[in-house]
Amino acid sequence: NAGVTQTPKFQVLKTGQSMTLQCAQDMNHEYMSWYRQDPGMGLRLIHYSVGAGITDQGEVPNGYNVSRSTTEDFPLRLLSAAPSQTSVYFCASSYAGADGYTFGSGTRLTVV
Amino acid sequence: AQKITQTQPGMFVQEKEAVTLDCTYDTSDQSYGLFWYKQPSSGEMIFLIYQGSYDEQNATEGRYSLNFQKARKSANLVISASQLGDSAMYFCAMRDAGYSTLTFGKGTMLLVSP
């Protein structure tokens, strides 16, 4: 039982490059979400999904795309990376009615 | 919209002492849940304790307890008998009414000294 797996753990991008942060869970959780963590800001919600084929925006969605074609996977796409997207990204999952959320180990992204 | 406020950017405590980390919240939902997470320097998010809005008793998990005062909209974390390994960032968070996402505070950095 791997829980929530995020890849890669570290990434350096050049401004304007695109990339996909991967998130996979093996717990059959309906709900998945992406957060970014910046110093002094806590974790802020980027996008979330309540099931396959259903996604919605969070607090800071600009510059990011998501899709949810399967229950297990919820990738986060950076279309054209900017230095302001330098951050630590966390994926989390839970099941409907749950009182707990499982977090991945995070991806540290630097955009230069 | 939900909001979590953590007013203490940093806290210092000596080993074996108790410490209280403050958290206040704002929501219009009648049903909600409050969480505390620990983030050590290694970066992972570690779940500590949960309190549901309808729970009448304060939650406890080992050395952690949540001082829930619904009328004051506060959910303070109390760590008894602090240990050096408790040095970390601590986040208070609230789940939305649909259980699908969390709203986080900005965190409190706790340093435990020998």
Side-chain angles (χ1 to χ4, degrees), chain A residues 2-6 8-10 23 25 27 29-52 54-61 66 68 71 74 87-109, chain B residues 1-10 21-26 29 31-55 59 61 64 66 68 75 88-109:
Chain A
V4 178
T5 302
Q6 287 186 240
K9 292 191 182 302
F10 301 94
C23 176
Q25 52 91 9
M27 299 169 285
H29 284 175
E30 297 100 320
Y31 298 160
M32 297 185 74
S33 49
W34 278 101
Y35 299 86
R36 61 176 288 173
Q37 182 181 11
D38 303 295
M41 298 297 292
L43 280 74
R44 294 180 292 168
L45 181 67
I46 305 172
H47 286 285
Y48 66 101
S49 169
V50 297
I54 307 169
T55 64
D56 206 347
Q57 297 180 352
E59 180 184 355
V60 287
V66 293
R68 183 102 179 267
T71 300
F74 190 42
S87 188
V88 179
Y89 292 84
F90 286 97
C91 179
S93 74
S94 67
Y95 59 86
D99 293 330
Y101 298 77
T102 304
F103 280 82
S105 58
T107 295
R108 184 174 294 275
L109 175 69
Chain B
Q2 299 181 321
K3 186 176 181 180
I4 296 286
T5 302
Q6 295 180 254
T7 58
Q8 305 155 315
L21 306 184
D22 294 340
C23 172
T24 58
Y25 62 91
D26 191 23
D29 296 329
S31 174
Y32 51 89
L34 295 153
F35 299 78
W36 278 93
Y37 284 87
K38 173 184 177 181
Q39 186 179 46
S41 58
S42 53
E44 70 267 30
M45 297 292 287
I46 301 170
F47 166 76
L48 294 178
I49 197 166
Y50 167 81
Q51 178 85 40
S53 58
Y54 293 119
D55 295 339
E61 291 284 349
Y64 304 107
L66 198 153
F68 181 48
M89 180 71 84
Y90 289 81
F91 291 101
C92 181
M94 175 187 295
R95 65 159 171 77
D96 68 355
Y99 289 78
S100 55
T101 64
L102 292 170
T103 298
F104 285 85
K106 295 183 178 181
T108 296
M109 176 64 76

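Lettering follows sequence order; numbering is per chain, from 1.
Contacts of A:Gln37 with chain B are made by side-chain atoms alone, with heavy-atom separations under 4.5 Å and no backbone atom involved. Proximity to chain B involves both the backbone and the side chain of A:Leu43, based on heavy atoms less than 4.5 angstrom apart. With a 4.5 angstrom heavy-atom cutoff, B:Ile4 does not touch chain A via any of its atoms.
Other residues, nucleotides and ligands contribute more than 12 heavy atoms inside 6.0 Å of the CZ atom of A:Arg44. Atom NZ of B:Lys38 has more than 12 heavy atoms from other residues, nucleotides or ligands within 6.0 Å.
For the side-chain contact (heavy atoms from CB on, under 4.5 Å) test with B:Thr101, the passing option among A:Tyr35, A:Trp34, A:Tyr101 is A:Tyr35; the others fail.
A:Phe90 has its side chain within reach of B:Gln39: a pair of non-hydrogen atoms, C-beta onward, lies under 4.5 Å apart.
Closest approach of B:Ser100 to A:Ser33, counting heavy atoms only: O-OG, 4.3 Å.
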